[in-house]
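Quick note on labels: first sequence line is chain A, next is B, and so on, each numbered from 1. As a basis for the values below, the full set of heavy atoms in this structure was taken, side chains included, without hydrogen atoms, waters or symmetry mates.
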2 protein chains.
Amino acid sequence: MADKGAIPDIPKDDAMLALDRQLCFAIYSAAHAFNRTYKPLLEPHGLTYPQYLVLLSLWQDDARTVKALGEALHLDSGTLSPLLKRLEASGYIARTRDRADERQVLITLTGKGKEMKASAHGILMEIGKASGCSAEELGALGTALKALADNLRARHEPDPAGQPENVLAK
Amino acid sequence: MADKGAIPDIPKDDAMLALDRQLCFAIYSAAHAFNRTYKPLLEPHGLTYPQYLVLLSLWQDDARTVKALGEALHLDSGTLSPLLKRLEASGYIARTRDRADERQVLITLTGKGKEMKASAHGILMEIGKASGCSAEELGALGTALKALADNLRARHEPDPAGQPENVLAK
DNA sequence: CGAAATCATATTGCGCGCAATTGAATTTTG
DNA sequence: CAAAATTCAATTGCGCGCAATATGATTTCG
């Protein structure tokens with residue numbers, strides 16, 4: 001059926017594989033490039049990139065539970081528990097059991113953790129220069145990526161307060 | 001000096017921190033969202049996402065050294081060596097010492113590795129649907145991300161065949 | 001009230017990702 | 001030609017990232 005007729009579809013599939021490769025590589029290696037760019041700037045402070053993300057989140061909203069942090073960062077306790085212990089050991093945060101509900105652990109910034117916010121501005125300048133993009137471009141890129149990530153996540157997460165979806169379940 | 005004069009600059013810095021947070025989170029979580037989306041599709045084949053990226057690269061160019069693969073994927077031997085051993089154990093690739101230069105190891109696709117390319121097309125369709133973006137949008141996003149990653153990398157890598165840079169060294 | 005279900009965090013196991021080191025092969029140099 | 005420098009791959013150690021499981025604490029229900 002597709003012996004030598006107009007445009008066999010194998011090339012089309014290959015083109016799609018090429019597109020897949022391009023986007024997979026692009027996101028994968030952009031994330032790692034970010035990581036590698038931040039690393040030498042964070043190292044003097046004894047911080048890793050994921051730990052810096054936790055601080056970024058806490059600078060916006062201090063005193064949150066592990067669960068709340070995990071939802072903001074899309075990370076589970078398996079990742080956060082040891083990470084937060086290390087952040088505590090470095091003196092950036094404090095972990096205190098909620099007296100009212102002993103299941104929960106409250107994460108709060110220490111003085112050192114709050115002071116680090118000032119240093120972050122300097123780090124930020126370096127990244128801005130390294131990226132070679134304007135603030136507008138970076139903002140637009142962030143928006144596009146967030147939309148993409150949200151779409152992908154919608155496949156996996158149980159629709160938190162979105163559509164009523166299937167009311168018949170259970 | 002900046003007691004109540006026109007527009008103190010603390011808010012501006014905070015706005016930049018917010019931008020930083022947005023882009024850091026966006027790339028970070030887009031990468032993880034990709035990972036999580038591919039995982040259930042690759043699991044039946046006994047593949048991880050980084051292993052799939054290696055296959056994508058080999059489908060384009062088979063029979064390459066570990067070093068060449070590492071340059072294409074921006075990964076070093078510390079990551080690739082164990083990963084390639086697992087890919088060999090799963091039967092997707094073969095690792096053979098180069099007879100001419102015994103330092104090098106050639107990575108080649110097995111029959112199973114080549115056959116997997118066909119299944120990849122099906123996986124691709126799923127991702128396309130999950131992303132909720134058109135091929136054009138995904139392509140544009142990939143291009144923007146690649147440019148960003150290249151800019152970031154330019155800070156770290158010693159300019160491979162780019163500008164002559166500093167000819168005086170050594 | 002008390003057993004069962006649910007919830008929040010911690011732990012374990014495995015696969016990256018990367019810096020630093022090692023070991024063997026090859027090239028460069030004296 | 002032999003010693004030194006370089007190159008390629010593998011190994012080690014540590015920090016994620018996530019699934020699966022474990023451990024208490026709290027809520028729900030009978």
Side-chain angles (χ1 to χ4, degrees), chain A residues 24-25 28-40 42-43 46-54 64-71 73-90 95-107 153 156-158 170, chain B residues 24 28-40 42-43 46-54 64-71 73-90 93 95-107 153 156-158 170:
Chain A
C24 286
F25 281 7
Y28 178 80
S29 76
H32 291 159
F34 246 78
N35 210 316
R36 281 191 287 260
T37 304
Y38 272 94
K39 177 177 269 236
L42 294 173
E43 211 149 53
L47 285 171
T48 66
Y49 183 60
Q51 288 168 11
Y52 173 70
L53 291 182
V54 168
R64 320 177 42 197
T65 63
V66 173
K67 182 177 175 56
L69 267 174
E71 282 167 357
L73 298 163
H74 304 295
L75 293 175
D76 67 4
S77 70
T79 300
L80 279 177
S81 286
L83 187 156
L84 293 172
K85 278 194 174 178
R86 282 185 283 269
L87 267 182
E88 183 186 39
S90 327
R95 291 160 60 248
T96 52
R97 285 270 161 199
D98 186 331
R99 202 78 64 82
D101 183 343
E102 296 250 342
R103 286 173 305 182
Q104 304 187 110
V105 171
L106 269 175
I107 307 298
R153 250 191 301 279
H156 302 294
E157 285 178 11
K170 188 179 183 184
Chain B
C24 286
Y28 180 79
S29 74
H32 291 158
F34 246 79
N35 212 317
R36 281 192 286 261
T37 304
Y38 272 93
K39 178 178 268 237
L42 293 172
E43 211 150 54
L47 286 171
T48 66
Y49 183 61
Q51 288 168 12
Y52 174 69
L53 291 182
V54 168
R64 316 169 54 191
T65 64
V66 173
K67 181 177 176 57
L69 266 175
E71 282 167 359
L73 298 163
H74 304 293
L75 294 174
D76 68 2
S77 69
T79 300
L80 279 178
S81 285
L83 186 156
L84 293 172
K85 277 193 176 180
R86 282 186 283 271
L87 267 182
E88 182 185 39
S90 325
I93 64 167
R95 292 160 59 249
T96 52
R97 285 270 162 199
D98 186 331
R99 202 79 64 83
D101 184 343
E102 296 250 341
R103 287 173 304 182
Q104 304 188 110
V105 171
L106 270 175
I107 307 298
R153 249 191 303 278
H156 302 295
E157 287 179 9
K170 188 181 183 183

Classify the nucleic acid contact of [X] as base, sugar-phosphate or nothing, counting any heavy atom under 4.0 Å across all strands shown.
| X | answer |
| --- | --- |
| A:L75 | sugar-phosphate |
| B:A31 | nothing |
| A:D98 | nothing |
| A:A100 | sugar-phosphate |

Which atom of A:L69 lies closest to which atom of A:L80, heavy atoms considered: C-CD1, 4.1 Å
Quick one: closest heavy-atom pair of A:G46 and A:Q51, and the distance?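 In terms of heavy atoms, the two residues are closest at O-OE1, 3.8 Å.
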Mind calculating the distance between [atom1] ([X]) and [atom2] ([N]) to the nearest angstrom?
| X | N | atom1 | atom2 | value |
| --- | --- | --- | --- | --- |
| B:H32 | D:dC16 | NE2 | P | 11 Å |
| B:F34 | D:dC18 | CZ | P | 15 Å |
| B:R36 | C:dC16 | CZ | C1' | 15 Å |
| A:D76 | C:dT11 | CG | P | 14 Å |
| A:R103 | C:dT9 | CZ | C1' | 10 Å |
| B:K85 | C:dC16 | NZ | C1' | 16 Å |
| A:R95 | C:dA10 | CZ | P | 5 Å |
| B:L87 | D:dA10 | CG | C1' | 16 Å |

Pairwise distance OG1(B:T65) to CD1(B:I107) - rounded to 0.5 angstrom: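 Between B:T65 OG1 and B:I107 CD1, I get 8.5 Å after rounding to 0.5 Å.
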Drop me the distance from A:S29's OG to B:L75's CG, to the nearest 0.5 angstrom. 9.5 Å
Of the nucleotides [options], which one has an atom closest to the side chain of [X]?
| X | options | value |
| --- | --- | --- |
| A:P82 | C:dT11, C:dC16, C:dT9 | C:dT11 |
| A:S77 | C:dT9, D:dG15, D:dA10 | C:dT9 |
| B:E102 | D:dA10, C:dA25, D:dA25 | C:dA25 |

Reading DNA chain C from 5' onward, which residue's closest nucleotide shows up sooner: A:G78 or A:K39?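 The residue closer to the strand's 5' end, by nearest nucleotide, is A:G78.
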Measuring to OP1 and OP2 of [N], would you say a side-chain N or O of [X] lies under 4.0 angstrom away?
| X | N | answer |
| --- | --- | --- |
| B:R97 | C:dA25 | no |
| B:Y28 | D:dG17 | yes |
| B:T79 | C:dG17 | no |
| A:T48 | D:dC16 | yes |
| B:Q104 | C:dT26 | no |

Once you measure the plane-to-plane angle for A:Y49 and B:Y28, does it fall in the parallel (<30°), tilted (30-60°) or perpendicular (>60°) bin?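 If you compare the ring of A:Y49 with that of B:Y28, the planes turn out perpendicular.
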If you pin B:L80 and A:D101 to their nearest nucleotides in DNA chain D, which one's is more 5'?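 On the 5' side of the pair lies B:L80.
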Look only at the side chain of B:R97 and the backbone of B:E102, and say whether a donor-acceptor pair between them is shorter than 3.5 Å. yes
